[in-house]
Every structure is written in C-alpha cells, then in structure tokens.
Participant: 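If you scroll down you'll find the structure; I have some questions about it.
Each chain gets a letter, A, B and so on, in the order its sequence line appears, and its residues count up from 1.
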There are 4 protein chains.
Amino acid sequence: MSTKREQPPGPGRPRDPDADTAILRSAMEVLVEQGFAGASIERIAKRAGVAKVTVYRRWSSKETLLADAIEAARDAIPAADETETPAEDLPGIIDQLLPQWSEALVRPELRMLTARLLGAGPDHPRLLAAYREHHLEPRRERALATLRRARDAGVLAPDADLDMLIDMLNGAVVQYLLLADDTPDPAAARDYLERLFRQAGLRGPAADTPPSAR
Amino acid sequence: MSTKREQPPGPGRPRDPDADTAILRSAMEVLVEQGFAGASIERIAKRAGVAKVTVYRRWSSKETLLADAIEAARDAIPAADETETPAEDLPGIIDQLLPQWSEALVRPELRMLTARLLGAGPDHPRLLAAYREHHLEPRRERALATLRRARDAGVLAPDADLDMLIDMLNGAVVQYLLLADDTPDPAAARDYLERLFRQAGLRGPAADTPPSAR
Amino acid sequence: MSTKREQPPGPGRPRDPDADTAILRSAMEVLVEQGFAGASIERIAKRAGVAKVTVYRRWSSKETLLADAIEAARDAIPAADETETPAEDLPGIIDQLLPQWSEALVRPELRMLTARLLGAGPDHPRLLAAYREHHLEPRRERALATLRRARDAGVLAPDADLDMLIDMLNGAVVQYLLLADDTPDPAAARDYLERLFRQAGLRGPAADTPPSAR
Amino acid sequence: MSTKREQPPGPGRPRDPDADTAILRSAMEVLVEQGFAGASIERIAKRAGVAKVTVYRRWSSKETLLADAIEAARDAIPAADETETPAEDLPGIIDQLLPQWSEALVRPELRMLTARLLGAGPDHPRLLAAYREHHLEPRRERALATLRRARDAGVLAPDADLDMLIDMLNGAVVQYLLLADDTPDPAAARDYLERLFRQAGLRGPAADTPPSAR
DNA sequence: GAATAAGCGAGACGGTACGTCCCGTCTTAGC
DNA sequence: GCTAAGACGGGACGTACCGTCTCGCTTATTC
C-alpha cells in the first residue's frame, strides 16, 4: 500500500522514526504552501530539521516522498456512517451531506491541496493517484452511503445514477474551489451547496411536485 | 484587453512582429507540455528561435507573457448560436450540447491546458483569470444559450437553475478529465456525457414524469 | 607568470574585473584566517559577494585560485635599494636590516601567511612556489643587496657567504615565528633581531676583536 | 606528561592495550602522509584496523589523539653525550654535529613531520607544543651540550651566544627543508651543512683569525 | 547618406537546488 | 569492552538552470 519499505532490523543504528514523521509532515506543508515546484528536498529537509541525506536515505525521489506524505496526511474519515441516526427527511440528509463538501471549500489547506494535486496530474500521475486513493475515494464512499440512504428514504428518485450524481456534486464543488480567487466564507459556501443540492434533485417528495406547480 | 502595449513607431529598428507570434505560440506549447514550472523564459525563447532578451523586452514577467499567450490561443467560439436551428426535441438538444463538452475531454491539449491552469490558480491567479475570461466564459455563454432554449422547449424543468446546472455539467467534466490517467477515447467520453445529461435532468418532458410511473 | 589567462574579447557580456579582485582578496583573507583546508570555494565566494559559478568560471581548482591570490597579494617591495644612503657604519646597516625582518614577525597576517604556506608545502607545492617567487625572493634580493654593501663597507668579513648568511637570518626568524605561540610584540622582536645580528657577525670591525678580550 | 589517563580496572572487558599502540602508530602515519586535515579519525581507525568508536572511547578529540601520537613517536635521543669522546679539534666537532641536523633533512618522514607541525601551529598550538617538547627540545639540549664543548675547546668564540647560534643553525635547516621541493640527497645535505657551519663561525682557532690575514 | 536608436545573439552575473561525499558523533546488535 | 554497521546533522563539492544584466554587432528610420 505504501511505497515505503520496512527496513530489515540488520546491524547498525536504526533509523529514527521521528525523522520519518517530521519529513512527511514538512513535505506536506511545503507542498501545500509552495506547490510541487517549490517543494525542493532542500526546503523540506530544512523545515523538518533534518539533513538532506536523511531524506535521500529514505526516498529516492521527490515524487515517492510526496506520495507517501499524501498518504500519511489522509484524514481519519469515519469509515461508513451506519451509526448515524437514519434520517428520512430532507433537512436531515442535507445536514449530513453539507459538511462533507463544505470542508473542501472552507478549509484553505484542503482547497490548496486539491488544486495542487489536480493540477499536478499531467506531470505526476503518482501523486494524483495517491491523492485519489487516500483522500478522494474514502470521501466518495461515505458520500455514496449517505446518498443511498437518501434514495431509499425517497428523497432521491429511485432510478438516480448515484455515481454520476456524486461526480456532479464533487465536480461543481471542485470547479468552484479551483476557480475562486480565494477561500469562500462559510455562509457563501453553504448557499452555494444548498443551491447545488436543490438543482441536483435533492428535494422532498412533496416539494418536488407541488400541486400548484402543475 | 491585452497586457501588450503598442510600441510607438519612433526611430530605431522596429521590432520584428514575427517574433511576437512565435513567442506566444512557443509559450503556449511549452506551457501545455511542461507546465508552468517548466515554462521558463529560456525554454520559450529557445523554442521560438529568439534570444532571451527579446522576450524580456516585450514582456516584463513570465506571468504577463503567459497571460497574453493564453489570450492569443483562445479558440474562435461561435459567439452565440442564434443561427443554430432551434431544436425542440431532446436528441437535437443533446446533439448540440455534446460537442461543446466533449472537446475538452477528447482534445489532449485542451485537457492539459485545463489541468495546468486550474492547478496554477493558487499561485498565479492572473493566468487563471485570463483562462477564465478568454476560454471558459465564452463557452459558458454558449452553453447557457443552448440550455435556455432547452428549458423554453420544455426539455428542462421551468424552474431549473441554469447557472448551477452548468456548474454541475462543467464540474463533472472537469473532474473527469483531471482525474483520468490519460485522454479518454471519444466513445467513452460520449457515454459519460450521455449519462451525465440524463442524471442532470435533460429528459424528454413526457419521460420526465410519466403519469404511469407515479 | 600568472596562471590566469587573458580572455579573448569575443561576444557576450565581458567578465567583471571587479569580481576578479574581490575573489582574489577574499581568497587571501580566508587562506590567512582559516588555512588551506578552510579555504573552500564556497566560503571564498560568499565573502567576495560572488556566486560560486563566477569563481569556477575563472579558476578550475582551488590551488590555481590560491596561487593567483598569493601572487596578487605580493607587497610592493622596493626593488633594489641603490637609492638608499650608503651606510658605512654598523648602526646604519642594522637600521636598514631590522625592518626587513621585523615585519614578518610583527605583522600578524604575514606571520600567519608564512606559517600556512610553509606548512602547505608538502601537499601543495604550487602554492609554496608562488609564495617563494612572489614574496620570499624579492625580499631576499633586497636583503642580499644590503648585506653586500655591508660587506663592502667592512662591517662583514670579506669572505662572508652572503647567501648562507641570509639563510641563517631568515631561518632564525622563520623558526622563531613558527614556534611562537602568538605574535611577538615589537620590542621583543627587536631584541631578538639585535642578538641575531650580533651572533651572525654583524659587528663593527673594531668591536669585533677588542684588544682587551684577547 | 601524557594526556592519556590510566583506566581504572573496574568491571567489564578490559581495554585492549594493543589497540592503543596501533591507533597511535596509525595516527602518526596518517598525519605524516596526509597532513592534519587528512588525518580524520575515520581514516586513522580504518588503518589501525579498529572501530571508530574505539578511538573515541580513548581520546576525546583529534587534537589530543595526535598530541599523544606525537609524544609516542619521539625518537630515543641519547640524553646527553657525556659519553662521547671529547674532541678538541674542528673535524671532530663537526662530525658530531652533522648527523644531528642532517637527519631532519634526509629522513623524509622527519621532514614531512616538521613541515606539517610547524604549519599546524597557528590552528593547533597543542600539537606544536607536543612536537616542541618531545622532539625539538631534546635535540636542542643535545646540540647545546655539543656546542658548549666546542666553545670550551676554542672552536667557537668564547662570547658566542649559543642559544642564538642554535636558532640560526636550526632555522637555516628548517627553511631549507621547508622550501625544498623534495627530500635532498645526503651529499647535498652534507655540503649545505658544512657551508652553514663555516659561516656560523665553526672554524678552527687558528684559521679563524690568522695573523697574516690581518 | 550619415547619425541614431533600437533590435539582436552571446554570455557573465547572483541565486537556488541538485545529488553525492566525507566527517565526527551516536546508537544498535552480536561476540 | 570490543567490532561491525549504520544513521544522524553539518558542510562542501561541482553542475545546472533561472531571470537579469551588459556587451558588440546589425538594421531600419530619421534628419
């Protein structure tokens, strides 16, 4: 799973595990702040308080280092929300969905990370793959579970294409966040997401086809 | 509009106008191929067959040069498609919408350009702004016109939030192309877009809420 | 004579002559202060306020750089002292000889330089050769001229081996300066040199063989 | 006298006394061959066939190690030559003096050692002090004794400043060996020393002031 | 038709990072 | 305690490329 190999316990002084974590965290910070081009080994090492050679001993290239850093920086996503109180009504569903997308818009470092890694795709597909695997996929799984329960509760049409729906929701958020000049404030993010959910078809069954609209 | 100033015709040897176009085209090529970090003035100048100082005399920074290059590389978008044959039926609308989004997926240089510029956003907002103004906005205008006609024809719900709908369509396409490992083939792109249109609500008026389905 | 080649005036920006002098002076300072091992190109360049590559462009190795620096740092030795007022008496001769050796003892940077270069001899004969040629030889020539006039004036025995005498005078001074823990003060240096001159045979003809001493 | 402490016999495996001598000899060899800068603990340990940590356990720094190595490498100088057959004549005296200075010129490792340690003086006075104490002083004592007997025998003037005379003799030899490009051959060394002794005033009593020369 | 001013190629400049090497020190395992 | 085998921070190495600058030469317009 990780690109890091476990070192055999052979003779000699063992590697300092603190150095690993310091390097990975430093790498992530520099990547978020300065981008891939600015994430030189030299800078990463200096910020981690570590000699360059200590980095080179562990990772043979900037790309593998950053891929590991991305993996190590993955949030603890609540695996699946079976435990959540089931919500049959629309507001309950939306309250569950909102924070899942909102944080990507509102937390600046997440916004930066997303922009950097999606932008790095063409040149560094391994970084993008690591991001997809360790950050995007878990979030998608969780969102999928929520939407599935929404569909079962009748809040979404029974024939809704949930995968595509997630693409659309994700996509709208991503392009919003990529095109924004700076981090949107939480209220604006909430407004945008509510408009988004409505247009995506997340409407109460009754509200969907009000008799007066017919 | 352009950041380029016209030079007064004063005395001395006039600037070679061919150099401008060669530099702009070279800049765009390098940007697409190597990304912003790889788009050094040195490389651009070498590819254009021009001395570095010739570039610096015309543009004060890499950012303004690339912004001009992005502007110069804008496609000729048919401004508004009043001329198009009005289409009341769903297949006709889809046939009009499909190519508008398909090309971003299918033409590799467009895909690269999109990825690079969205990724460059945090560091170089002026480039992103130029891209938005000269590439994204015209496309959005055209799409908006098409969707408006679709709504008028009853193919979309009368209360559809067209701006948000475009965000969703664009967004799905963008994240598809950003996450793809390489350029999708046209058939796959078409399949994806058709699923997308369907889930977005582009359905025939009768098929949308068949009385028998209720 | 110098190991530096004159550059052809070909195209391109010419080399900055100020950089040459700054590098040479910086190199000399670092050599005197830190010794050969401490005289890294990096340090020399930093102190000279110059990029490393600017040094490498001019000198291919530390040794050739330092050899040039040694040459450039040679003092302007009054070539030959024909112009000096001829002195037939002993005190006059001594007053002429004293400063010639005293400065090597009393000026700390000369003392350091001598120690460093004589010590570097086994490893870096080119540096020693440069020092010999540009610093030691001119001083020896001047001393030889003075001693020759002293012999002609009868202050030295007519059959004195002047070359060997200079070796002895130089040698005593050199080993004094090399073995001293730090720079001797001028009075001690003067006392030492006067004892040295007396034992070397620089005595007035009459004082040499006082009748009472027999 | 030595900077080495005797270790208490406490528990655990006792230190290998062979390691001490191997390290000291290795240190001396490396110092003579490579100079102070090249005499890294790493190299010394490797040549001694010993782990680096074994060296560090015994000596706290490179300087103290080398100082001990210098002390250990002192030649067995015949303390005072009371046993020598008294010699009233000039050739006898010279035959006694000659080898005392000749060996420093002719034995390459002595020449190297002298150059290295005199050169190291400014940076590492403790090494120089060790060399002075254990190598130079015993030789000076022996030379002084010989010269005293020469003066008593009338081969030197009764008022000769013997300390200064030794400085001159030593000094001439030192600067000869420091400036030479490589080890002089014994015949040249002998010629030089004979010229030196003559100019230093080591002449037979009759030859010194022949009545006819006056 | 010369003077003049700008264009142009070439290359030096300071700066930053590269990836490697060696040093002195520290830390483990195994004897 | 010893050897062996590393890892660690530090520093220098010599190279490469970048954006900037400054030179000599060329070229077209203006006087």
Participant: Could you check how far CG of A:Leu65 sits from P of E:dC18, rounded to whole Å?
Facilitator: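 Atom CG in A:Leu65 sits about 11 Å away from atom P in E:dC18.
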Participant: According to the side chain to side chain donor-acceptor pair (under 3.5 Å) rule, which pairs have a member within residues 114-123 of chain A, sequence neighbours left out?
Facilitator: A:Thr114-A:Tyr131, A:Arg116-B:Asp123, A:Asp123-B:Arg116
Participant: Give the rounded distance in Å between these two atoms: CH2 of D:Trp59 and P of E:dG24.
Facilitator: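 Atom CH2 in D:Trp59 sits about 15 Å away from atom P in E:dG24.
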Participant: Can you measure D:Glu42 atom CD to F:dA4 atom P for me and round it to whole angstrom units?
Facilitator: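 Going from D:Glu42 (CD) to F:dA4 (P), I get 13 Å.
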Participant: For C:Tyr56 and F:dG14, what is the distance between atoms OH and P respectively, to the nearest whole Å?
Facilitator: 4 Å
Participant: Send over the distance from D:Ile44 CD1 to E:dT25 P, rounded to a whole Å.
Facilitator: 12 Å
Participant: Indicate yes or no: does A:Arg58 engage A:Asp20 in a salt bridge with an N to O separation below 4.0 Å.
Facilitator: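 Yes.
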Participant: Return no unless some side-chain N or O of D:Arg57 is found under 4.0 Å from OP1 or OP2 of E:dC26.
Facilitator: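 D:Arg57 to E:dC26 OP1/OP2: no side-chain N or O under 4.0 Å.
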Participant: Taking NZ, NE, NH1 and NH2 as the nitrogens, is one of them in D:Glu42 or D:Lys46 under 4.0 Å from a carboxylate oxygen of the other?
Facilitator: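 Salt bridge between D:Glu42 and D:Lys46, a charged N being under 4.0 Å from a carboxylate O: no.
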Participant: Rounded to the nearest angstrom, tell me the gap between atom CD in A:Glu63 and atom P in E:dG19.
Facilitator: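 Taking CD of A:Glu63 and P of E:dG19, I get 13 Å after rounding.
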Participant: Select from D:Val53 and A:Val53 the residue whose nearest nucleotide in DNA chain F is closer to the 5' end of that strand.
Facilitator: D:Val53
Participant: Closer to the 5' end of DNA chain E via nearest nucleotide, is it A:Ile41 or B:Ala51?
Facilitator: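 Result of the comparison: B:Ala51.
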Participant: Where the side chain of A:Arg13 is defined as all heavy atoms beyond and including C-beta, which of E:dA17, E:dT27, F:dC18 is the nearest nucleotide?
Facilitator: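 Taking heavy atoms from C-beta onward, the closest nucleotide is E:dT27.
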Participant: Take B:Val50 and D:Lys62, find for each the nucleotide of DNA chain E with the closest heavy atom, and name the residue whose nucleotide sits nearer the 5' end.
Facilitator: B:Val50
Participant: Less than 6.0 angstrom from the centroid, inside 45 degrees of the normal: does B:Lys62 satisfy that with respect to the ring of B:Tyr56?
Facilitator: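 Here B:Lys62 fails the 6.0 Å and 45° test against B:Tyr56.
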Participant: On a plain distance test, is the side chain of C:Lys52 in donor-acceptor contact with the base of F:dG14 below 3.5 Å?
Facilitator: yes
Participant: Should C:Glu33 and C:Arg43 count as an ion pair when the cut-off is N to O under 4.0 Å?
Facilitator: no
Participant: Checking contacts here: which listed nucleotide (E:dA12, E:dA10, E:dG14) is nearest the side-chain heavy atoms of C:Arg15?
Facilitator: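 From the listed options, E:dA12 comes nearest.
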Participant: Side-chain N or O of C:Arg43 less than 4.0 angstrom from OP1 or OP2 on F:dA12?
Facilitator: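 Affirmative; the distance criterion is met.
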Participant: Which ones in residues 29-40 of chain D lie close to DNA chain E, meaning a heavy atom under 4.0 Å from one of its atoms?
Facilitator: D:Ser40
Participant: Think B:Thr54 has a side-chain N or O under 4.0 angstrom from the OP1 or OP2 of E:dG9?
Facilitator: yes
Participant: What is the separation between atom CG on B:Leu66 and atom P on F:dC18, rounded to the nearest whole Å?
Facilitator: 14 Å
Participant: Would you call B:Arg132 and A:Asp181 a salt bridge, taking side-chain N to carboxylate O under 4.0 Å as the test?
Facilitator: yes
Participant: Shortest non-hydrogen contact from C:Leu117 to C:Leu31?
Facilitator: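 Scanning both residues, the minimum pair turns out to be CD2-CD2, 4.3 Å.
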Participant: Whole angstrom is fine here: how far is it from CZ in C:Arg58 over to P in E:dG11?
Facilitator: 16 Å
